[in-house]
Amino acid sequence: MAKTVEEINEKIKSGKALVLNAEEIIGYVAENGIKNTVKKVDIVTTATFGPMCSSGAFINFGHSDPPIKMQKVWLNDVPAYAGIAAVDAYIGATELSELEDMQYGGAYVIQDLVDSKPIKLRATSYGTDCYPRREIETYITIENVNQAYLFNPRNVYQNYAAATNSSSKSIYTYMGKLLPNIGNVTYSSAGQLSPLLNDPYLRTVGVGTRIFLCGTQGYVSWQGTQNNPDRERHPNGTPLSPASTLALIGDLKKMSSRYLRAATFFGYGITLYVGVGIPIPVIDEEMIEYLKVSDNELFTEIYDYSVQRRNKPSYGRISYGQLKSGFITIKNKKVPTGSLSSYGRALEIANTLKEWIQKGSFLLSNPVSPLPFEEKINVLNILGRDEL
Amino acid sequence: MISRRLVLAFPEKIVTRPITYRLIKDFDLQFNILRAEITADIEGKMLIEISGTKKQIEEGLKYLENEGVSIQDASKDIIVDTEKCISCGVCPSLCITQALEINPVTHRLLFDKNKCILCGLCANSCPVNAIKLKI
Ligand code: SF4
Ligand code: SF4
């Protein structure tokens, strides 16, 4: 039996849709079987709340009098990119403050905006006949700028590698602090709750898909950068290493810092925790096959981050079930594990999205266009012009 | 006579050696183990208070360092800000005494101060700065 997204939306509007989160569906299928589940369950909500460095926001400040063609822009002393028009800028999450270094940066500016805090705007320019002003210093809040929208080039990684450190010193990475002599392992995926692990071939997610983004409705705008779906897969369809990614967009003015949090990885830099929830329509039996997969059937690879190269040696494959148990065994040694992404907050997002759908305030959408599935990623070689 | 509160970290291979005994016997130090966590397969940690003359303490610590024990001053207190905490799970992987754990049912961070030996390993690890150690 197949269902269309339109039919599911009709059920949402009449308050008859059955929505489960991606954790609940596992037990439901085990109890009711695949055929019954397709008949009964209409939507499964998935979510993640993890550090996503490839994030940032576009802001249009409005025109001052006399006006300025902003060439260089700082928000709370964090440089923003202003090489677009006169009063547009993009503030990237990982940009560091010129004054406070790793204590403050782009992600903190974005969170402060969301929290309606005043932000110091400073800009310089060369001055033109139509934009004579050469300098400006003022304060803005999210309420008094024109548009402010989050536009994240790469979020919601479908699976991610786990990290450890075989060297004799602690190292500080984007996977957090890694203790010496394989002292700990960190990982970053919501596993069974993770959006793209529940729809491994992106059958229902594409350009234009409506999603939960940091507390409001947002959209999938494109494939994410480094989209790499052509990866080795488990028989259950899920990739065994980082694969698909999504570019996301949403209105910063409606977001909440409960689901958008600036963070600092000591010794590494600044990033943004982004809360994303994606509803998966239960269109057919095949979807149930993917949705019922649990942490014990989802795998990733553990890499040695003490090797400072693009390709790092592996300590083998491990299931999210084992990673989430708190300890794993590497070379006969019991090693504690820790997650960078928050499963608890992800579950909260999945349940919030579920409530929105149950209340009828969130409808599902068909993708306007599917995402490319043949893409591979390139590496950056250091070449002379004639070697191309 | 002075006292110092220290955190000692033992590499795996010397965990079982009776070095604490030698500290007392050879260096005449008063030695009080406030908390300890030594497991067979992970590095051991100990929060100690030692008392003695300045010279005795210096010599005792030098002996420990030569044995491969790393030493740091203990923090005075630790505060975990549960409002700020996003319950990720970064700090539990660094905490050898399991004072920090994510509850498997509620998925929230639990901090058991009684298990904490104030080693400070978790201090700068929290991405949202929810852990404060007083030094
Ligand atoms: S200071 Fe932190 S890592 Fe050390 S024992 Fe206490 S809670 Fe655990
Ligand atoms: S690292 Fe920080 S946010 Fe994560 S669980 Fe520990 S205290 Fe909470």
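Letters A, B, ... mirror the listed sequences (proteins, then strands); counts begin at 1. What you see below is based on every heavy atom in this structure, not just the backbone, and it leaves out hydrogens, waters and symmetry mates.
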Checklist entry - Step by step, would you call A/Thr352 with A/Glu355 a side-chain hydrogen bond (donor to acceptor under 3.5 Å, both in side chains)? => result CA-CA 5 Å; A/Thr352 307; A/Glu355 268 169 44; 5.6 Å; no
Next on the checklist: Applying ring pair (Phe, Tyr, Trp, His ring centres under 6.0 Å) to A/Tyr259 and A/Phe212, what does each step give before you reach the verdict?
Outcome noted: CA-CA 10 Å; A/Tyr259 307 114; A/Phe212 172 112; 5.3 Å; yes
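Only the side chain of B/Gln98 comes within less than 4.5 Å of a heavy atom of chain A; its backbone N, CA, C and O stay farther away. Residue B/Cys126 touches chain A through its backbone alone, counting heavy-atom pairs closer than 4.5 Å. At a 4.5 Å heavy-atom cutoff, A/Gln103 makes no contact with chain B through either its backbone or its side chain. In this structure, chain B has heavy atoms under 4.5 Å from both the backbone and the side chain of A/Thr264. With a 4.5 angstrom heavy-atom cutoff, B/Cys85 touches chain A only via backbone atoms. For a residue to count as touching a neighbouring chain, one of its non-hydrogen atoms must lie under 4.5 Å from one of that chain's; by this rule A/Ala346 does not touch chain B.
Outside the 6.0 Å centre-distance limit, the rings of A/Tyr174 and A/Phe265 are not counted as a close aromatic pair. Aromatic pair A/Tyr315/A/Tyr303: centroids not less than 6.0 angstrom apart.
Options B/Thr106, B/Val128, B/Leu94 differ in how many heavy-atom pairs under 4.5 Å they form with chain A, and the most are formed by B/Leu94. Comparing A/Pro51, A/Gly344, A/Pro180, A/Ser342 by how many heavy-atom pairs each has under 4.5 Å with chain B, the most go to A/Ser342. Counting heavy-atom pairs closer than 4.5 Å to chain B, the top-ranked of the candidates A/Glu348, A/Arg258, A/Arg261, A/Lys324 is A/Arg261. Put simply, of A/Leu347, A/Leu178, A/Leu179, the one with the most heavy-atom pairs under 4.5 Å next to chain B is A/Leu179.
A salt bridge between B/Lys132 and B/Asp81 is absent, with no side-chain N of the basic residue lying under 4.0 Å from a carboxylate O of the acidic one.
The only member of A/Tyr320, A/Phe299, A/Tyr187 that meets side-chain contact (heavy atoms from CB on, under 4.5 Å) when paired with A/Asn159 is A/Tyr320.
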